[in-house]
Amino acid sequence: MTDKTAKDTAHLTESADTSHAALDPNVMPDFEHMPNVASMDTSHVDKEKPPFILVDGSYYLFRTYHALPKTMMNTQGLTTNAIRGTLNALLKVMRRYNPTHMAVCFDTKSPTFRHTMSEEYKANRPKMDPELAEQIPYIHRLVRALGIPLLRIEGAEADDIIGTLTYRAVEEGHHVVISSGDKDMMQLINDSVILEDSFSGKVVDEQGVEEKYGIKPTQMIDLLTLMGDASDGIKGVPSVGQKTAVKWLNQYDNVDNILANASEIKGKVGEKLIEYADNIPRDKQLATIVTNLEIGQDWDDLRIDTDPTAYIEELRELYTELEFKNELASLAHPNHPANMAANSVADSKAETESQAQVAKTLQNQKQAAIIDIIKDSKAHDQAWHTILDEPAFDSLLQKLSAASHFAVDTETTSIDWREANIVGLSFSLQAHEAYYIPLNHSLEDDELTSKQLDQDKVLAKLKPILENPEIGKIGQNIKYDAHVLRRYGIDLNITPSNWKMDTMLASYVLNAAATRHGMDDLTRHYLHTQTITYEDVAGKGAKQVTFDKVAVDIASDYACEDADITYQLFEVFQEKLKDDAVNQRLLHELEIPVSQILCDMEATGILIKRAFLNELSKRFDEEIGELEKQAYYEAGEEFNLGSPKQLGEVLFDKLGVVGGKKTKSGQYSTGEAVLSKIAHPLAEIALEYRGLSKLKSTYTDALDAVADKDTDRVHTSYHQALTSTGRLSSTDPNLQNIPIRTKTGRLIRQAFIAPEGRVLLAADYSQIELRLMAHFSGDANLTKAFNEGLDIHSATAAEVLGKSVEDVTPTERRNAKAINFGLLYGMSAFGLAKQLEMTRGEAQDYIDQYFKRYPGVRKYMHDTRSNAVDNGYIETILGRKLYTPDINHSNQMVRRGAERAAINAPLQGSAADLIKLAMIAVDKVLPADNAKMLLQVHDELVFEVDADKVDEISELIKNAMQNVLSDTAKEMGWEVDFAVPLLVETGVGDNWDEAH
DNA sequence: GTTGGTACCTA
DNA sequence: GTAGGTACCAACG
C-alpha cells in the first residue's frame, strides 16, 4: 500500500495485502512480557489529532451477514448484505472521525497459535455459509478501492493485529478507536482507546465497561477466563457466569488472587474453582488478545489514500457489478472530488501556477476528498433539533402548516396505548432532518426539563395542523398515536386524505413475510442501518425507565430518529408503490380505513359481566381442587397434575399404563389425543383438570384482570401487520379464541354482554373459505352446491359416495367435513387418515374419489402450487401478494410445509380481505348513535346494538356484508365477479353465546 | 428473569 | 394438514 503513484488498479484484486511475513502457528506469543493496553499510561496522548481507526473487518462481515436480509442480492444472485453492511460501517466510522490513519483487519483461514494451543478452539463453529464466503473477496476489493489499508496476516487473527497496533499507536501518542462489536475487545480499552460498533451505534469507553460489567477494562481478561467462552474454546470455571465472576473480581481484583484465596470461597462454585484451577493459565492465554505480535510496522502503511482519483475505476466497476446504484451515481456527480480534483489540475495548469502550488491545492482537496466520496455516496449530515422555546416552535409550526406532507411520531410513557401518557412529539419534513418537542420529561437534575414548552399550548396549536386533510401525514403504526392523542382531544382521523402513509402498513402490504414490521425491523431491512434502541436510552429489564425519565437531550435523539426514519421509510415505500396500483389501493382503500375502524373498536371495548366471571372462577376452582384429590388418590401420591412430565411419569412408569409414547424431547406425550384413548381413571381426571384450569387461567381469571375497573369493558389490541396471510391477530387479551365448542367453554361467552338497552349481534360469513375455493377453482360441482344453497358437507358426502343428500348419515357428513377442511389446509392422505382414524389407504381412496367428483379443485391446488414456485408468491382475491419464500427449500419437510401454506394462503388471505372490506362497508352504514362494532373474529363481526333497532340494523349489516364485492369493492376500484353467493348469518342475544 | 417445550383455545 | 395467542412447567443464567 505504499505505492501511491499506481493508477493501475490491477493489484487491488490480488489477495496479498501486506508486506508482513506470515506468522508460524507453532510459535507461541511472548505472554510473559506482553504489554497490557488497558493499564497503559496515556498522559502523553494528543487527543487533538484524529484517532487511529482499527476496524475489525471480520466482525462486521459476520454481524451484517446475519443481521441483514439474505434477500439482498444483485440480479446475478450474488448476496450482498455483508458487503453493504460492512461498507456502511466503514463509511460511518470515517465520516465520524475523518481519520488520517486506519486499517481494516481480517482473519485468514490459516491456523494460528490458538489452534495449536487448543483443539476446541473454534472447532464448534460451523463451516461458513457459501453466501457469506462469496462476498468476502468483494469486501476486500471495496476496502482497497476506497483507499483504506487492509491487513491480513497469515497465522494472526484480526483481534491480535488490532491489539498489537493499538498498543503501538498509544505508545506513540495516538488515541485509537477500535471499530468492532466484539466484547473480547473491551480488554483493550483505556483512557485513550474506545470501542465503537458502527453497526449497532454503541460506543464503549472505560466508564462504559464499568457500567456494563461493574469491573475495569484491566479485569476483562480475567472475567473472560473465569466465565469461559465456548466459541473461543475457553472452558472457564463451570457454573461460574458473569455474576459470580464479577463478584469475585470485585473482592479479589484478579484471577491470581482469586486462586490464592480459593479456599475461602464456599459452596459448589468454590469446589469447581479448585477443581478447574489447573485450566486457568491456559484459559487466560486464550482469552488474551496479543499485543506484541512479531509484525513489522510503518505508520505510513496505514495512511488512508486520499487521492480520490486513484481507484475510481475500480470503485465504478465494483459498484456496477454489485448494483449499488446510489453509490455508482455519486461517482459520476460533477461535485465528486475525483472529478473536481481532475478539473483543478487542468485549471491550475492553465493558470501556470507553480508546481508547488498545484501540489498544495491538490493536497488540500485530497484532505477532504475521501470523506466527500463517502458523504456523496450515501451520507448526509443529520439535522436534528430540540424545540425548547417559543420562536423555535413557531418556526416549526410555520414549516408544518406550509408542508404538503410530514412525518409525525409521539413519545409516551407506555407501549400499551391504554396507559400511555404523552411525553413529546417529533416531526420530520425531509430525510435526515427532524424536530422533537419535549413536553413532559421529568428526570431530576436535567436542567432542560424546566425549559419544556407547555403541553396544552403546544397541542392546541398542533391540533389544526394534525387534523387538516390538506396536509398529508406519515406515521409508523398510526393507530397507536391515534389512541394516545384522542385522549388529548386530537383526532388523527386515519383516512386516506389525512394520511399519506402508515409505513408499517405499507411494508405489510408490499410483503407481509419479508420482515416483521416494527420500526427497528423496517430500518434494518429497508434502510440497512440500525436505530438507537429503546433499551439504549431507557435501559433494560428491571432497571428500565419510562420515556419521561430519559434526559431530554438523549430522548431528543431517539425521538428525532424515529420521525426521520419514518420519513425515510416513506420515501422508500413511495418509490416502491409508485407504479403499483394494486398495492396502493390495498394500502389506502383497505388497510388505512381498517386501521381507523380497529382504533374505534379497541377504544370502545366489550362489556363483561364481572360477577358472573368471578362466580365461574370460584366454581372451576372447587372442581379443580376436587379433581386434584381424586388424582392423588389414583396415583397413590401427590404430584403436580399440571405438569405433563410428572403426569406422564405417574401414569406410565408408576401405574404401568400401556400406550405411552415419547415426544422428541424424551418425555411421555400426554396430549389430549393420547389421554382420551387411555382407559384409566387418572387419564380422564387429567383431561378434565386441564380443561378447567385452561378455562380458569386463560379466561375467567384473565378477563376479570384486564377489564377496565370503572367501566367493566375489555379492550383488546388488534395487530394489523403480523400474520402471513392478511388476517388480524388479537392480544391482551386475545378475544379471537374465546371458547365455543364445549358447554362449559360457552359459559365464558355468556360473560360477554351488552349494556342496558342494547343487545349483542353477531354476523358471520358462512363457509367463506370453501366459497372462495369454489370461486377460484371454478369447479362445477362445488359451485353448483353453493348456488343451490345446499349444506356443503352433506353435499360433498353425497357427491363422493354417490348417494342423495337426504341419505347422508352423520358419520358420512363428519368425514366429508374433515376432507373439506383438509383441502383448505393443503392436506395429505396421511393427515386425513389420522384425523378420521382410518388407514392411509382408505384415506387415499376417499381423496381420489373426491377429486374425481371435483376435478376443478384438484386443478386449482396444482395451479396454486406451481404459481408459488414460478412467481415466489400467490395472490388473494384483492391482489394482495403473499410470498412463499420456502417453496423451493432444499429440505423436503420445509418445502412441503411451504406448499401446504401456499395452498391455504389464497383462501385464508382472501377471506381476510373480504372481512376487512366488510368492516369498511358496515362502518359506512352503521348508525353511530344506535350501534357499535366491537369485535372481529376472522369471519365474524360482533356489534352492540340498541335493542329497539336491532331488526333493521341487522338487515343493514347483513346486506353490507353480503354485497361487499358487488358494492364496496367496486366503488374502490376492484372488479370481482364472484362465482357463488356470499351468505351471512346473524344472531342476536343478551350475551355472545346467545348471539352466535 | 428469560427461553423452549407442551398443551389447548379460536377461525 | 392452515393461521394465530396464552399459560404453565422446567431448565438455564
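Hydrogens, waters and symmetry mates play no part in the numbers below; they use all other heavy atoms, side chains included. Because the structure is a prediction, the values reported are computed rather than measured. Order of the sequence lines sets the chain letters (A, B, ...), proteins ahead of strands, with each chain counted from 1.
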Please work out if [X] contacts a base, only the sugar-phosphate, or nothing of the nucleic acid, heavy-atom cut-off 4.0 Å.
| X | result |
| --- | --- |
| A/D764 | nothing |
| A/L722 | sugar-phosphate |
| A/G826 | nothing |
| A/S693 | nothing |
| A/S828 | base |
| A/A818 | base |

Interatomic distance where [atom1] belongs to [X] and [atom2] belongs to [N] [whole Å]:
| X | N | atom1 | atom2 | result |
| --- | --- | --- | --- | --- |
| A/K696 | C/dT6 | NZ | P | 19 Å |
| A/L735 | C/dT6 | CG | C1' | 12 Å |
| A/E837 | C/dG1 | CD | P | 13 Å |
| A/M827 | C/dG1 | CE | P | 12 Å |
| A/L832 | C/dT2 | CG | P | 14 Å |
| A/L907 | C/dG1 | CG | P | 19 Å |
| A/Q646 | B/dG5 | CD | C1' | 15 Å |
| A/L824 | C/dT2 | CG | C1' | 8 Å |

Table of protein N/O atoms under 3.5 Å from nucleotides 8-11 of chain B N/O atoms:
unit_1, atom_1, unit_2, atom_2, d
B/dC8, OP1, A/R690, NH1, 3.2
B/dC8, OP2, A/E672, N, 2.9
B/dC8, O2, A/K694, NZ, 3.0
B/dC9, O2, A/N737, ND2, 2.9
B/dT10, OP1, A/I740, N, 2.7
B/dT10, OP1, A/R741, N, 2.9
B/dT10, OP2, A/R741, NE, 3.0
B/dA11, O3', A/V937, O, 3.4
B/dA11, O3', A/D939, N, 3.4
B/dA11, O3', A/D939, OD1, 2.9
B/dA11, O3', A/D939, OD2, 3.2
B/dA11, N3, A/R727, NH1, 3.2
B/dA11, N3, A/R727, NH2, 3.2

Taking atom CD of A/E688 as the centre, report whether more than 12 heavy atoms of other residues, nucleotides or ligands fall under 6.0 Å from it. no
Under-3.5 Å N/O pairs linking protein and nucleotides 2-4 of chain B:
none

Taking the side chain as everything from C-beta on, heavy atoms only, tell me whether A/L226 gets closer than 4.5 Å to A/I258.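 Touching, per the 4.5 Å side-chain cut-off.
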May I ask you to test the A/V657-A/F652 pair for a side-chain heavy-atom distance under 4.5 Å?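 Yes - at least one pair of side-chain heavy atoms lies under 4.5 Å apart.
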Just say parallel, tilted or perpendicular for the rings of A/Y860 and A/F776, cut-offs at 30° and 60°. parallel
Parallel under 30°, tilted from 30 to 60°, perpendicular over 60°: which one fits the rings of A/F639 and A/Y632? perpendicular
Which of the following nucleotides, [options], is nearest to the side chain of [X]?
| X | options | result |
| --- | --- | --- |
| A/N904 | C/dA3, C/dA10, C/dA7 | C/dA3 |
| A/P644 | B/dA7, C/dG1, C/dT6 | B/dA7 |
| A/T698 | C/dA3, C/dG1, C/dT6 | C/dT6 |

Going through the checks in order, is the side-chain hydrogen bond (donor to acceptor under 3.5 Å, both in side chains) test met by A/Y668 and A/D653? CA-CA 10 Å; A/Y668 288 109; A/D653 288 340; 2.7 Å; yes
Between A/S729 and C/dG5, is there a contact of a side-chain N or O with OP1 or OP2 at under 4.0 Å? yes
Check this for me, if you would: do [X] and [Y] make a salt bridge, where the nitrogen-to-carboxylate-oxygen distance has to be below 4.0 angstrom?
| X | Y | answer |
| --- | --- | --- |
| A/E837 | A/R814 | no |
| A/E899 | A/R896 | yes |
| A/E591 | A/K916 | yes |

Examine A/K696 relative to A/F620 and say whether NZ or CZ is less than 6.0 Å from the centre of the six-membered ring and inside a 45° cone about the ring axis.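 Negative - A/K696 is either too far from the ring of A/F620 or too far off its axis.
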[Y] backbone acceptor or donor facing [X] side chain under 3.5 Å:
| X | Y | answer |
| --- | --- | --- |
| A/K479 | A/Q720 | no |
| A/R813 | A/A797 | no |
| A/R880 | A/V509 | no |

Dump the pairs, protein N or O against N or O of nucleotides 11-13 of chain C, anything under 3.5 Å, distances to one decimal.
unit_1, atom_1, unit_2, atom_2, d
C/dA11, OP1, A/K645, NZ, 3.4

